[in-house]
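What follows is a set of notes on a single structure, which appears directly below.
Values reported hereafter were calculated over all heavy atoms of this structure, with side chains retained and with hydrogens, waters and symmetry mates removed.
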Amino acid sequence: MPLILITGLPTSGKSTRAAQLYDYLTERIAAESSSSSTPKFRLHLISDQSLSISRSVYDLDPAHTPAHVRSANASEKDARAALYGAVKRVLSPRDIVILDTLNYIKGWRYQLYCEAKNVQTPFGLVQIGCPVARARGVNEARIRRSEQQEQQEEEQKAGNGTTKDEPTTISTSTTTTTTAAAAGAAPKSGDLHPETYQQSHQNWQQKQFEEESTGPDFEDVTLSPTDFQEPYTPRSNWENLVFRYEEPNPMSRWDSPLFIITWDDTPTDTKATFDQIWDEVIVNKPQKLIRANKSTVQRDKDPGGDYLYVLEKETQDIVKRILEQQAEVGEGGTVRLSRSGTKEEGEEMLEVELPGKKVGLPQLQRYRRAFVALNRGGIGLEAVGTLAAGRLRESFVGYLNDAFEKEM
Ligand code: ADP
Ligand code: MG
């Protein structure tokens, strides 16, 4: 059946949501096929991890790639070829494929969209919304964890050299310290020789200090205890991927339908989006219903469908920009946003007056959802393309200003 792409910044929570979607679809498929013995659909989750693709393939800095071996981005091309091949092998009208990788290049998404079209199967895109600082925090936490792991392994090797007593215990104790290090915690005194401990604790403190004082803006993120993914290193690899990320545009065929799930979405929110994915992508239901009452609009695309994506996309964009600018203008400041969403010279600007206390993403998302729910039915301009986007932005900004005013 369909091809569902997951996209988002590096370390923004893509695999977490992909796994949840996988579980959701597994249950749903089981429920649908309970009457017959063979399931209606087969489900596949393809990812960098499932194909053992290392994060280092995304590092395009020629300084980090052995130049005599290959051009700087040959390895990323190889990785893409492997992913493409894996999708192509299984995609069919009976197979649902979730592709969990960065999917950050527009042309790549287009290629996959065409592949789905070739086998006459639906296509959808799930974007994971996560503030850059938080995604960076995940990578930092993974860097910290893997450095500690390496350090502990080295110390263990050194310890082994002097004691010589129990060569067989080393491999088992490595696994235990790996778990301790995985929590991203300071070294534990009980695990190590006192001197080694002191040294390693000092190193750890030094690192914390360096990262806090010199590192770029990142949130402190606690990794889940089962998180053993490798970080993107060096840090420039991660930063470049963020820089190169090509935002999905729900107006283009190959980026729609677009579903957005944010880091802070609750299980209920997430399930609602998964239900939507099931209806719109897997069984292809409500799009047809929407089309029925828009029959007079002369367009090859479904304006009703597009409208909802524009509504999601524009409101999401405003939330994102408010959070970005709030960091600069501070509480009670004024955030300025372009009306069309593009930054054209001399363009009309919209202003949001922030309340006296800091607004967080969850609060903004609550307002956004309420606004989306109110305007699902349309604002009467759906057929006019970009006009609708501008009007929507204006209307959401007005809604937010009212809401914030009540809070002051
Ligand atoms: P990606 O696949 O984009 O690299 P992951 O899904 O592996 O990201 O998530 C990175 C880390 O962030 C993991 O430790 C995961 O447990 C945590 N994480 C991801 N999404 C969430 C979320 N919505 N809420 C809390 N923790 C999350
Ligand atoms: Mg992942």
For this session: Spell out, as yes or no, whether a donor-acceptor pair under 3.5 Å connects the side chain of R17 to the backbone of I261.
Result: no

For this session: Please tell me if the side chains of T315 and L392 come closer than 4.5 Å, counting only heavy atoms from C-beta onward.
Result: no

For this session: Take E76 and R244, measure what salt bridge (Lys or Arg N to Asp or Glu O under 4.0 Å) needs, and give me the verdict at the end.
Result: CA-CA 13 Å; E76 186 178 355; R244 297 205 299 271; 3.7 Å; yes

Exercise. So does K271 pair up with D275, basic N to acidic O under 4.0 Å?
Worked result: yes

Problem set entry | Donor-acceptor under 3.5 Å (T11 side chain, A135 main chain) | yes

Exercise. So, the side chain of R142 versus the backbone of Y232: is there a donor-acceptor pair under 3.5 Å, distance only?
Worked result: no

Exercise. Is there side-chain contact between L337 and Q325, with at least one heavy-atom pair below 4.5 Å?
Worked result: yes

For this session: Report the C-alpha distance between D59 and S56 in whole Å, list the side-chain angles of each, state the deciding distance to 0.1 Å, and finish with yes or no for side-chain hydrogen bond (donor to acceptor under 3.5 Å, both in side chains).
Result: CA-CA 5 Å; D59 189 6; S56 63; over 6 Å; no

For this session: Would you check if F123 and D255 make a side-chain contact, meaning some heavy-atom pair closer than 4.5 Å?
Result: no

Exercise. So, are R235 and E140 salt-bridged, with charged N and O less than 4.0 Å apart?
Worked result: yes

Exercise. Got a donor-acceptor contact below 3.5 angstrom from the N237 side chain to the R55 backbone?
Worked result: yes

Exercise. Just wondering, do Q111 and Y84 contact through their side chains at under 4.5 Å, heavy atoms?
Worked result: yes

Problem set entry | CD (E27) with more than 12 external heavy atoms under 6.0 Å | no

For this session: Taking N401 for its side chain and E351 for its backbone only, find out whether a donor-acceptor pair lies under 3.5 Å.
Result: yes

Problem set entry | Ring geometry between W278 and Y24 (parallel below 30°, tilted from 30 to 60°, perpendicular above 60°) | perpendicular

Problem set entry | Side chains of H44 and I96 in contact at under 4.5 Å (non-hydrogen atoms) | no

Exercise. Under 3.5 Å, side chain of T26 to main-chain N/O of Y22, donor-acceptor pair present?
Worked result: yes

For this session: Apply side-chain hydrogen bond (donor to acceptor under 3.5 Å, both in side chains) to the pair E247 and Q127, showing each step before the final yes or no.
Result: CA-CA 9 Å; E247 279 281 335; Q127 186 181 17; 3.2 Å; yes

Exercise. Taking R145 for the side chain and Q229 for the main chain, is one N or O donor matched with an acceptor at less than 3.5 Å?
Worked result: yes

Exercise. Taking the side chain from R136 and the backbone from D217, do they hold a donor-acceptor pair closer than 3.5 Å?
Worked result: yes

